[in-house]
Number of protein chains: 2
Amino acid sequence: MLSFTEENYLKAIYHLSAGGTKAVLTNEIAEAMETKPASVTDMVKRLASKNMITYERYYGVNVTKPGKSEALSIIRKHRLWETFLVEKLGFNWDEVHDVAEQLEHIQSPLLIQKLDEFLGFPSVDPHGDPIPDKHGKFHITRQIPIADSSGKKTVVSAVKDSSPAFLQYLNKIGVYIGVSIQVLEKIEFDRSVEIMIDGKRKLYISKEASENILVTE
Amino acid sequence: MLSFTEENYLKAIYHLSAGGTKAVLTNEIAEAMETKPASVTDMVKRLASKNMITYERYYGVNVTKPGKSEALSIIRKHRLWETFLVEKLGFNWDEVHDVAEQLEHIQSPLLIQKLDEFLGFPSVDPHGDPIPDKHGKFHITRQIPIADSSGKKTVVSAVKDSSPAFLQYLNKIGVYIGVSIQVLEKIEFDRSVEIMIDGKRKLYISKEASENILVTE
DNA sequence: ATAAAAGTTTAGATTAGTCTAAAAAATAGT
DNA sequence: ACTATTTTTTAGACTAATCTAAACTTTTAT
Ligand SMILES: [Mn+2]
Ligand SMILES: [Mn+2]
Ligand SMILES: [Mn+2]
Ligand SMILES: [Mn+2]
């Protein structure tokens with residue numbers, strides 16, 4: 001049984017490890033968790049003693065198999081709750097993250113099973129992120145930033161940055177999951193991109209914005 | 001901002017004070033919270049310093065106006081979540097309490113507003129308990145144990161004990177909120193009661209059981 | 001009225017999670 | 001190869017929430 005705080009650390013570590021594929025450093029964790037490195041050292045020892053990660057002094061941590069499974073369960077809950085908030089309660093996609101950060105810690109397998117069923121076993125959350133199934137499996141669809149797309153008409157399938165600030169900007173310019181989008185021109189000077197949204201609105205977006213709007217290749 | 005633990009203490013104190021009407025003793029709180037009296041003394045000092053209760057040494061605590069409002073908000077959340085679990089996710093009424101104990105601590109006024117709306121602004125939870133509105137107001141319908149009812153046909157409107165053990169027994173004998181019920185005879189020997197359920201099933205229930213099945217007078 | 005019992009509080013310790021400051025190890029630069 | 005910088009760890013302290021054991025009030029019973 002992990003505590004609330006341990007769950008948050010483990011999830012952050014899992015994300016930083018790119019799905020458990022690489023070692024994660026103390027300072028990275030401290031930055032992600034907005035705590036001090038000294039606190040991280042304490043916590044990684046605790047998580048290591050619970051076999052969620054392996055820890056080697058001065059080197060970093062790796063997520064173990066049980067750690068991955070635990071992290072995926074938390075991510076599953078987070079994304080199911082986000083889906084519930086948008087699909088059933090009528091939240092906007094920029095309002096759900098903080099509430100889901102709380103809801104993801106509720107302990108009840110029955111609740112998650114019933115919620116999943118109630119939502120019709122969704123495979124992606126409101127930001128286009130995949131929802132792991134109860135065994136931690138999910139489809140990794142190749143998603144690329146629009147700037148790297150071919151220039152043909154495609155469809156927005158996810159956003160990389162889910163911060164309210166970015167999502168609210170997307171609301172303003174009419175970009176959402178499922179909208180048609182086409183890259184008309186890439187400006188060499190500042191790497192900004194001219195796009196056509198929904199086949200009718202033309203506008204320029206910054207390099208940063210373009211890197212956070214993803215389409216399926 | 002109260003912590004998770006402070007919220008639980010405050011709610012217990014509010015319930016023990018019968019809605020904020022009487023003083024509550026240290027040992028009562030310790031028993032309700034399954035902690036030791038020494039821990040309660042510490043906690044009531046904290047809650048008093050946050051103006052949720054007033055505390056007088058060796059005498060007990062009283063819930064303040066802001067304390068009542070806070071407690072009612074937690075109770076509102078608890079009962080809305082229980083209603084959600086039963087009405088929308090298909091939980092049985094004996095499965096919801098422990099999950100609601102967790103969900104009641106989620107902090108998001110928007111969430112509760114939207115949940116209330118999604119549920120159609122319910123006024124009672126799955127156990128017949130009233131749900132306070134956003135201002136903490138609720139209807140106190142006079143509910144009495146069936147044994148004290150007139151002997152005419154009435155309708156079960158609430159249960160006093162919401163423990164899984166009791167609710168599962170009620171499931172077994174076919175008693176639920178809204179079922180028709182009639183007291184046929186009160187046995188003098190052990191105060192057990194013969195009842196007619198749904199106009200067709202006759203059976204005996206114990207004094208204890210009869211005291212926990214409530215009808216509207 | 002005094003002693004015994006019951007109830008409550010204080011004192012001191014423990015654990016989780018955090019911090020600052022200092023020490024130690026790893027890395028980079030000359 | 002040696003020094004300087006960066007990164008990480010340790011040591012020691014703090015708060016919230018808990019406990020046990022001892023001390024103190026209040027209540028009850030003779
Ligand atoms: Mn999120
Ligand atoms: Mn998301
Ligand atoms: Mn309940
Ligand atoms: Mn209830």
Side-chain angles (χ1 to χ4, degrees), chain A residues 1-18 22-63 67 70-71 74 101-102 104-107, chain B residues 1-18 22-63 67 70-71 74 101-102 104-107:
Chain A
M1 253 294 70
L2 299 184
S3 73
F4 189 97
T5 309
E6 288 167 338
E7 287 193 349
N8 282 332
Y9 269 90
L10 179 59
K11 184 168 59 117
I13 293 169
Y14 175 84
H15 279 132
L16 290 168
S17 74
K22 64 176 193 201
V24 182
L25 307 175
T26 301
N27 273 3
E28 299 180 73
I29 300 171
E31 199 194 352
M33 293 299 296
E34 300 183 70
T35 56
K36 302 290 166 180
S39 308
V40 172
T41 300
D42 276 354
M43 181 52 82
V44 297
K45 285 177 185 169
R46 269 196 286 270
L47 285 172
S49 82
K50 295 190 174 187
N51 300 312
M52 295 291 112
I53 58 178
T54 55
Y55 164 57
E56 211 179 314
R57 283 169 68 225
Y58 292 103
Y59 164 74
V61 304
N62 280 98
V63 184
E70 195 63 39
I74 301 164
E101 283 293 307
Q102 298 179 62
E104 71 189 7
H105 301 289
I106 304 291
Q107 303 288 353
Chain B
M1 251 297 66
L2 299 184
S3 72
F4 189 97
T5 309
E6 288 167 338
E7 287 193 350
N8 282 332
Y9 269 90
L10 179 58
K11 184 169 59 119
I13 293 168
Y14 175 85
H15 278 132
L16 290 168
S17 74
K22 64 176 191 201
V24 182
L25 307 175
T26 301
N27 273 2
E28 299 181 72
I29 300 171
E31 199 194 352
M33 293 299 297
E34 300 182 71
T35 55
K36 302 291 165 180
S39 307
V40 172
T41 301
D42 275 354
M43 181 53 82
V44 296
K45 285 177 185 170
R46 269 197 286 269
L47 285 172
S49 82
K50 295 191 176 187
N51 300 311
M52 295 291 113
I53 58 178
T54 56
Y55 165 58
E56 212 177 316
R57 285 172 60 216
Y58 292 104
Y59 164 74
V61 303
N62 279 97
V63 184
E70 194 62 41
I74 300 164
E101 283 293 307
Q102 298 179 62
E104 72 189 6
H105 301 290
I106 303 291
Q107 304 287 354

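Just so we're clear, the structure is a prediction, and the values are computed from it rather than from any experiment. Chain A is the first sequence line, chain B the second, and so forth, proteins listed ahead of strands; every chain is numbered from 1.
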For atom [atom1] of [X] and atom [atom2] of [N], their distance in whole Å:
X: B:Asp42; N: D:dT15; atom1: CG; atom2: C1'; value: 12 Å
X: B:Arg57; N: D:dT26; atom1: CZ; atom2: P; value: 8 Å
X: B:Glu56; N: D:dT25; atom1: CD; atom2: C1'; value: 13 Å
X: B:Tyr58; N: D:dC24; atom1: OH; atom2: P; value: 9 Å
X: B:Leu25; N: D:dT25; atom1: CG; atom2: C1'; value: 14 Å
X: A:Glu31; N: D:dT7; atom1: CD; atom2: P; value: 11 Å

Would you classify [X] as touching base, sugar-phosphate or nothing, given that sugar-phosphate means primed atoms plus P, OP1 and OP2, and contacts are heavy atoms under 4.0 Å?
X: A:Tyr9; result: sugar-phosphate
X: B:Ser39; result: base
X: A:Tyr55; result: sugar-phosphate

Hey, which of these two, B:Glu28 or A:Glu6, hits DNA chain C nearer its 5' end, going by closest nucleotide?
B:Glu28
B:Glu6 and its salt bridge (charged side-chain N to carboxylate O under 4.0 Å, His left out) partner, picked from B:Lys11, B:Lys50, B:Lys45
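When salt bridge (charged side-chain N to carboxylate O under 4.0 Å, His left out) is applied between B:Glu6 and each of B:Lys11, B:Lys50, B:Lys45, only B:Lys50 qualifies.
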Is the distance from OP1 or OP2 of D:dT8 to the nearest side-chain N or O of A:Thr41 less than 4.0 Å?
no
Within the pair A:Lys45 and D:dT9, is there a side-chain N or O less than 4.0 Å away from OP1 or OP2?
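For D:dT9, OP1/OP2 do not have a side-chain N/O of A:Lys45 under 4.0 Å.
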Run through A:His105, A:Arg46, A:Met43 and flag the one making a side chain to side chain contact (heavy atoms under 4.5 Å, CB included) with A:Thr5.
A:Met43
Mind listing the closest non-hydrogen atom pair of [X] and [Y] along with its distance?
X: A:Val63; Y: A:Ser17; answer: CG2-OG, 3.9 Å
X: B:Leu47; Y: B:Leu2; answer: CD2-CD2, 4.4 Å
X: B:Tyr59; Y: B:Leu25; answer: O-CD2, 3.2 Å
X: A:Leu10; Y: A:Gly67; answer: CD2-O, 3.7 Å

With a 4.0 angstrom cut-off to heavy atoms of chain A, pull out the first and last contacting nucleotide of DNA chain C, in 5'-to-3' order.
C:dA16 to C:dA26
Evaluate A:Tyr9 against A:Val44 for side chain to side chain contact (heavy atoms under 4.5 Å, CB included), listing each step before the verdict.
CA-CA 8 Å; A:Tyr9 269 90; A:Val44 297; 5.8 Å; no
Counting only heavy atoms not in A:Glu31, do more than 12 fall under 6.0 Å of its CD?
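Result for CD/A:Glu31: open.
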Over 12 foreign heavy atoms within 6.0 Å of CD, B:Gln107
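Check passes, neighbour count above 12.
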Please enumerate all protein N or O atoms sitting under 3.5 Å from an N or O of nucleotides 4-6 of chain D, with distances to 0.1 Å.
none

